Every structure is written in structure tokens, then in C-alpha cells.
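What follows is one structure encoded as C-alpha cells, with my remarks underneath.
Just follow the structure's listing: the first ligand is 1, and inside any ligand the first atom is 1. It should be emphasised that the depicted structure is a prediction, and the values quoted were computed from it without experimental measurement.
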Amino acid sequence: MRSLARSMFDRAISAADPSLAVRRHLMTHPFPHADGRWIAIAIGKAAPAMLTEALQHLSGPVSALGVTHHENVQAIEGAEIMTAGHPVPDRAGQAAAERIIELLSQAGPDDRVLALISGGGSALVPAPAPGLSLQDKQITSRVLLESGLDINQMNLVRQHLSRLKGGGFLRHAAPAPVTALILSDVIGDDLRAIASGPTVSPLGSRAEALGLLKDAGIFERLPQPVQAHLQQQQDDTPLPEAQNHLVGSNGISLDAMHDGVRGFTPRIVSRSLTGDVADAAGTILEAARQVTEATALIFGGETTVRIRGTGRGGRNQELALRIALAGPDRLDSDWVFLSGGTDGRDGPTDAAGGLVDAGTMDRMVAAGVDAKALLENNDSYAALNAVDDLVITGATGTNVADVQVMLVRPQSV
Ligand SMILES: O=C(O)[C@H](O)CO
């Protein structure tokens with residue numbers, strides 16, 4: 001059961017592989033011919049992989065630019081690669097945004113523009129709106145990141161401060177038609193939220209962004225030029241149209257997990273397992289308690305952990321530890337549970353998550369591990385590591401949030 005859970009996790013990661021996601025999409029939607037040239041621009045943490053794959057399918061003259069995180073840099077033949085800071089935008093990112101705008105503004109009616117968008121894009125290409133500076137955007141990013149607002153709310157604000165987000169990319173690319181392939185790291189896959197939606201309309205109006213900041217009590221903490229900008233009239237001229245395609249997402253990875261199960265009846269229980277990790281553990285255990293035949297319960301989403309201690313861990317490891325602790329009392333069955341981040345990085349650790357089973361607690365007791373105390377100190381890494389229940393994949397080069405599988409075999413089956 002442990003190896004089945006692990007192979008399902010590997011399937012989820014493979015389904016989100018940026019190159020595969022682009023290739024899979026192009027099998028049914030090949031790139032059209034460009035009378036002029038293709039301008040291919042990749043933005044985000046998966047930019048190198050998406051661009052490498054796309055370039056193999058583009059014919060004729062191509063100008064290509066990829067912008068990714070400093071850590072992900074990778075040379076690509078025939079493409080210019082720029083790196084930038086994340087999660088707070090930096091000067092290198094601003095230079096990359098200027099280069100994108102320069103390339104887009106060269107696009108004529110015979111050219112075609114390809115946008116390859118993935119998570120991280122919001123911070124990686126800061127293009128401050130007229131009247132704003134990079135520093136204004138940096139301060140605003142820090143305030144937003146500390147605010148507790150969710151990604152949709154943060155990106156609604158970000159896109160009203162940018163010349164590229166919230167469809168701004170399309171205005172620069174006009175009159176060239178734009179095709180966008182998008183890899184989602186956002187639960188619910190709202191294209192307007194992913195990388196703050198360079199090729200789609202904004203999540204809401206400037207007035208709504210302003211209202212949100214006031215309601216959250218953080219408007220006054222923003223730099224004066226940002227406050228003034230958000231109170232100005234927004235540009236309501238219609239956006240040029242674009243072909244936007246979702247090529248990879250948490251949901252697509254859950255489907256891949258579902259389709260790869262043998263010997264257990266697969267069931268996707270939730271595509272939006274969000275909120276506090278303790279509540280998520282309760283939801284999973286309750287679903288497992290109701291199982292009457294050998295079943296693979298599948299979940300996807302992104303939970304949150306309340307930090308109380310000084311230990312090391314991440315939301316997936318903490319979820320696995322919570323299930324390991326409560327499972328033996330709550331479940332009268334044989335079970336295995338895995339929770340993992342598809343980027344291979346759970347919190348500030350080298351683990352992707354945890355893989356626990358009905359015997360984990362006994363092994364912890366035998367190893368002298370006080371699992372409850374470690375959980376209290378948010379030290380799930382130490383607890384799982386002591387019994388070899390960490391899931392280690394290394395950085396996977398993609399990110400479609402987290403997935404979970406609970407394999408349950410009732411005693412009577
Ligand atoms: O870049 C961003 O805004 C986040 O990663 C969500 O896509």
C-alpha cells in the first residue's frame with residue numbers, strides 16, 4: 001500500500017511536468033502558422049521547461065525570452081533567459097519586464113505571440129504602472145504577503161499596479177494575436193489569478209481592490225503613490241482577445257492519480273482541500289471512516305499551518321503527522337496516507353511531504369519519539385524523519401499545489 005501511495009504521488013508530479021503539459025496540449029492544439037515571426041515569452045517558475053518544449057513545436061523565425069526565478073536558471077538554445085527575484089520583486093525582474101514590453105511592442109499584425117505562464121509570475125516581472133516605482137511595488141508586496149489575504153485577493157491588487165498583469169500583456173502585444181498556455185498553481189484554476197493574469201481580464205475593478213485593502217486594514221500602510229494610483233479612474237478600454245489554455249493544474253494531477261490506481265476503488269473526494277491543516281486531517285479521517293471497500297481517497301488543495309513552535313516542517317508533513325497520530329484511534333482498518341507538495345518542497349525542508357500508515361505511531365514510540373510534543377512545536381520533519389516516513393523527491397521543477405491519497409482497506413475486506 002505504501003508503494004502504491006508513492007507511485008500515485010509520482011504520477012501526480014509527472015502529470016504536472018511543464019514540458020509534458022505543453023506537449024500534451026499541443027497534440028490536440030498544434031501551433032498555427034505565423035506569416036511573420038513568433039514571439040515566445042515564458043514567465044514563471046516553470047518558464048525554462050515550458051519554453052524548451054514549445055520551441056520544439058514552433059516553425060519559422062522565433063524570438064524567445066524566458067523569465068524565471070534566479071534558482072531555476074537554465075540556458076536554452078535560441079532563447080534569451082533572464083532571472084528575477086521572488087516573492088518580493090527585484091531590479092532584475094523589472095529589467096525582464098521592460099524587455100518583455102520591448103519585445104511585445106515590436107509585434108506586427110503578421111506576427112503571433114505565445115505566452116507561457118506559470119506560478120511565480122506575479123513577482124518575477126514587476127512592471128510598475130505609470131507614476132509608481134519598483135520600491136512602491138516592493139513595499140506593497142511585503143505588506144500583501146504579511147496580510148493574510150489569499151492569492152486571488154493579493155493578485156487583484158497587484159494587477160491594478162502593473163502594466164503587464166490583468167491583461168496588460170495583451171495591450172502591448174496588439175495587434176499580434178496571442179496564444180497563452182497556462183500552468184496553474186492556484187486552487188480553482190482561475191486564469192485571472194495565475195501569475196496575476198497577464199493575458200486575461202483582471203479579477204475585479206480598481207475600486208474593488210481599493211475596498212479590499214481598506215477592509216483588510218492595510219491601505220494606509222501602502223506607499224502614497226500606490227494609494228493615489230488606486231484612487232484614480234481605471235482604463236476601461238476593452239482588452240484585445242487572446243486564446244488562453246489551461247495545460248496543467250492540481251485537478252489534472254488528481255485525475256492522473258485517479259486513473260493510475262489498481263486494486264483499490266479510486267475516489268476524488270475534494271479538489272479544494274484548503275484551510276487549517278487540523279480541519280483537513282478531520283475531513284480526511286472522516287472520509288476514511290466511511291469506507292466499506294478497498295478505496296483510494298484522493299484530495300488536492302493547499303492547507304495552512306498555524307505556527308506556534310520553532311520546529312521544522314511543512315503543511316504536508318504536519319498533515320501526515322496529524323493523521324498518523326489520530327488514525328489508529330479513529331480508523332478500524334488498514335490504511336496508508338500520503339500528503340505531498342508537487343514542487344517537492346514542503347516548508348523550509350528538503351522533503352516533499354510525509355507517508356504514514358497504521359504502524360507509524362508504534363514505530364515512533366519504539367524509536368522514543370514524542371510525536372505529540374513534536375507536533376506542538378511544529379516539528380513534523382523530526383518526527384517523520386525518525387521513522388523514515390518523509391517523502392523526498394527533490395525539486396520537481398513544477399508546482400500545482402498539494403495532493404493527498406488515503407488508501408483504506410477495511411479489516412473485513
Ligand atoms: O505568481 C503568482 O501570483 C502565484 O504564484 C499564483 O500564480
Would Asp389 and Arg2 pass as an ion pair if we require N to O under 4.0 Å? yes
Do any N/O atoms on Gly121 end up under 3.5 angstrom from N/O atoms on ligand 1? yes
May I ask you to decide if the ring planes of His57 and Phe31 are parallel, tilted or perpendicular, using 30° and 60° as cut-offs? perpendicular
Please verify whether a non-hydrogen atom of Met154 lies at under 4.0 Å from ligand 1. no
Does any N or O atom in Asp185 lie less than 3.5 angstrom from one in ligand 1, N or O only? yes
Please lay out, stage by stage, how Glu286 and Gln290 fare under the test side chain to side chain donor-acceptor pair (under 3.5 Å). CA-CA 7 Å; Glu286 188 47 34; Gln290 290 176 18; 3.0 Å; yes
Indicate yes or no: does an N/O atom of Ile151 lie under 3.5 Å from an N/O atom of ligand 1? no
Answer with side chain, backbone, both or neither: which part of Val186 has a heavy atom less than 4.0 angstrom from an atom of ligand 1? side chain
Please list, in number order, the atoms of ligand 1 under 4.0 Å from a heavy atom of Arg158. 3 (O)
Backbone N/O of Gly121 and side chain of His86: donor-acceptor pair under 3.5 Å: no
Among all protein heavy atoms in this structure, tell me which lies nearest to atom 1 (O) of ligand 1, with the distance rounded to 0.1 Å. Gly120 N, 2.9 Å
Using 4.0 Å as the upper bound for N to carboxylate O, is an ion pair formed by Asp236 and Arg206? no
